[in-house]
Amino acid sequence: MNQLDFQEEVTQFADVILPIPVPRLFTYRVPREFAGQIQIGARVIVQFGKTKIVTALVARVHTQPPKQYQAKYILEVLDETPLVTRWQLELFSWISEYYMCHIGEVMNVALPSGLKISSQSKVQYNPDFEHPDLLTAREKEIVEEIKAKQSLTYDELARFADVKNVYHLIKSLIGKRAIIVFEEVREKYSPKVVRKIRLTSFYADPENLKALIGQLEKSPKQLDILLEYLRYVPALRDPEKNTEGTPKSTFSRNDELSDSSLETLLKKGIFESFDVVVSRFAEDTGTIATMPTLSEPQQRAVQEVTQAFQEKDTVLLHGVTGAGKTEVYIHLIEQALESGSQVLYLLPEIALTTQIVIRLKKIFGERVGIYHSKFSDNERVEVWKGVLSGRFQFVIGVRSAIFLPFDSLGLIIVDEEHEASYKQYDPAPRYHARDSALVIARMQGAKVLLGSATPSIESFYHAQQGRYGLVQLKERFGNAALPAIELIDIRQARKNREMKGDFSGELLRQLEQNLEKKEQTILFQNRRGYSPYLTCDDCSWISKCDNCDVSLTYHQRDGELRCHYCGHKEHLPRTCPACGSTKIRTQGFGTEKLEEDLQLHFPAARIQRMDLDTTRSKTAFQQMITDFEQGETDMLVGTQMVSKGLDFDKVSLVAIFDADRMINFPDFRSTERSFQLLTQVSGRAGRRKERAGRVLIQTNNTQHPILAKIIHNDYEGFYAEEIEERQAYGYPPFTRIIRLTTRHLEQQTAQAAAQKLATLLLQKVGTDRVKGPESPLVERIRNQFLFDVLLKFERNLNLKAIKEFVKETIEEVVTTKEFKGISIVIDVDPV
DNA sequence: AGCACGCCGACT
DNA sequence: GTCGGCGTGCTC
């Protein structure tokens, strides 16, 4: 039996991933015409349920007909060749198993929405419509419109009929058999097209062209256009060039040339127009930079990393702030690309908008694809396709770039690997990009380089254990000194009456000096808004959110109180809502107040604030950076945004406010986070040898041990202490945590369900491994009460069976009648 | 996730 | 008596 016979006789079936939270794959029948051609990793369109039409992904092709049910047909095959590689499918299932979510949810974050099909419900006239007399006058009008336009979307129909709820109308018309509804499927991605102009083949011939020029003597406007064309496309000298033509816009740019003459030439058959698909990443052929020269320590680091990769698949590069890790990366990237493999360079969201990308782009040119969440969907699809086609061998991207269709990765760099933003929280999958990168690397035989000035405890632990290689860069690039960090005791300052608002006298003096020296300052306060809450002097009322258990932050610019959890906004009350008193005061301070106070102290200073509120627009962030870089700004006030990978030459002073709040945050990671954040912010100062940097930290508790570690840049000391704590209390990296959060409108129900969950689980896995239920720090968000149950398992335990049991238990609790309306969030390895 | 089928209250 | 509430279960 040859291949063809086989295909003709046996029906194929495809198990597909649906973009819907269902726990397994679904089997569809492959239509005859696609038999033998359907590829694993191709997208297909299928009907799911009675009405839904969705894009699904082929995960398996086989010939076993399902016994329990009749499989539906695949409606359409969207890709002839796989859009998703085998590795990716493997990654999808790993993520869905490890992070305990549905595989469809993984597919949903993985594919840019431009690769998903949108199905839109539309209505059309029923050709078999028999009883027009049943329609009201208004309905007749509407049906006529539908008939005239062939089809209308629900929205269009609603607009035409001018009704808010269109469903009643549709239902009525369907009942009278006047219309039918259908689903229209369309591909969202549209390639960017440029309309071009060229000579028709007859006139592309030099002889004919010469003759034409003669003929056009009497139509000067048309001749102008032809001559303009020949300036761009020398068709006389080189007829071959004509094929490529020139964009139509070439002519419209020039006011001297008339559009209508061009149209005439087109009509006469002298020119023809045609469309070409072009890249959205049209190369701004900017200056191509050469490979940077490495300092001696950097060279050594490259060697050490390369050497470590001989034995280990993962290497941690621990380099102090300003050590010049980027240059080390560049050389390793170049090496990997040289050897013909792909490279992925992951960066946290914020850092991606900065200088690094521009730099890498200049060095690696057209081989680089950039994958960023601020990009449009079409752009993301282009990067995806570029990786598939081999156009992009190197991708710089954020968290979700781990889902791109690589097939021969040689190196993955996870820069700032300690960053918590690598972990996605909402929606599921709650995956960690760094940890997933390690899995991808193992699949494809790639190496992973984790880089940070302040490695996560987990990563450093693995390095200490010998699981990862460890390479250190202990000096700053170009012999620049690490900044001198000083503490300012604000408790003492307050006693001595040296505080002016939130500024100590010492800080004000230093700020002033820096301003006089024309050097730049960064002020860090990890809290946006004007003040975190309002309070009434007479009755101790505090501004609180109606839906969440948090205070409302006052935003002065908009005169609003805002909830940072649910986005709720209200106007600033004039009098106390509780007692009517007018003595309402702001309490505490955020970046907005800091900026205002700073301006009062230094009226002449040019101050810029950088936080979520001021960087909403796509370009605002870049603009602020450019201004600061060019010395247009003296002082930059900001939240943790100012701590991420910014590299400015002229910053000599960094001021840190409210370090205490961070340090005293009740969470097992608060010490780690404080060390990382404060070290990173401090690291913005004195990055060039010529300008020593100073850091001032205002604190109530100068004796706190973590501050001493930060001052002395003592990562190892911090690590030694922290790892001991983690071991003593059984926290990661010694355990793995799964956090279950119940959510319900009723506090009682949320708590009872969490209790039930805990009880059931501890019976199975033992009391030691179950903690809670307990209220999280914020007990209520968006009107839902939350309760946490923490599961802690020893690292060496295989969690597969346990996770299965956890899922069953959750299922049991969710379906319990008395817990109706409960939802349970699973977070594996929460950060 | 959506959407159907299915069993109990306020309306012509 | 009916319209409609949303409560449970299925979707290849």
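Protein chains get the first letters and strands the later ones, always in sequence-line order, with residue 1 at the start of each.
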Mind listing the N/O atom pairs, protein and nucleotides 6-8 of chain C, below 3.5 Å?
none

Dump the pairs, protein N or O against N or O of nucleotides 2-6 of chain B, anything under 3.5 Å, distances to one decimal.
{"from": "dG2(B)", "atom 1": "O4'", "to": "K52(A)", "atom 2": "NZ", "distance (Å)": "3.4"}

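Residue pairs meeting the side chain to side chain donor-acceptor pair (under 3.5 Å) criterion with at least one partner in residues 811-823 of chain A, sequence neighbours excluded, are R743(A)-S823(A).
Relative orientation of the W94(A) and Y99(A) rings is perpendicular, given thresholds of 30° and 60° on the angle between their planes.
The nearest whole Å value for the distance from the CD atom in E105(A) to the C1' atom in dA1(B) is 10 Å. Between N108(A) atom CG and dA1(B) atom P the separation is 11 Å, expressed in whole Å. For the pair R60(A) CZ and dC12(C) P, the interatomic distance rounds to 18 Å; values are reported in whole Å. Rounded to whole angstrom, the span from the OH atom of Y69(A) across to the P atom of dT11(C) amounts to 9 Å. Computed from coordinates, the I17(A) CD1 to dA1(B) P distance equals 18 Å when rounded to whole Å. Nucleotide dA1(B) holds its C1' atom 11 Å from the CG atom of L18(A), rounded to whole Å. dC10(C) atom P lies 13 Å from atom CD of Q68(A), rounded to whole Å. The nearest whole Å value for the distance from the CD atom in E811(A) to the P atom in dC10(C) is 12 Å.
Side-chain atoms of D407(A) and T85(A) include no donor-acceptor pair closer than 3.5 Å. Side-chain polar atoms of D15(A) and H62(A) form a donor-acceptor pair below 3.5 angstrom.
Note that the CD atom of Q47(A) and the CG atom of L75(A) stand 6.5 Å from one another [nearest 0.5 Å].
Among the heavy atoms of the strands lying under 4.0 Å from V22(A) is at least one base atom, whether or not backbone atoms are also near. Contacts of P21(A) with the nucleic acid, taken as non-hydrogen atoms under 4.0 Å apart, include base atoms. Among the protein residues, F48(A) comes within range of the nucleic acid bases, having at least one heavy atom under 4.0 Å from a base atom.
In this structure, the side-chain hydrogen bond (donor to acceptor under 3.5 Å, both in side chains) partners of S456(A), at least two apart in sequence or on a different chain, are E417(A), R434(A), S459(A). Listed by chain and number, the residues in a side-chain hydrogen bond (donor to acceptor under 3.5 Å, both in side chains) with Y98(A) are R736(A), D829(A) (sequence neighbours excluded). With sequence neighbours excluded, the residues forming a salt bridge (charged side-chain N to carboxylate O under 4.0 Å, His left out) with E560(A) are R562(A), listed by chain and number.
Using a 4.0 Å cut-off, some side-chain N or O of Y28(A) falls inside it from OP1 or OP2 of dC12(C).
The distance between the ring centers of Y28(A) and F13(A) does not fall below 6.0 angstrom.
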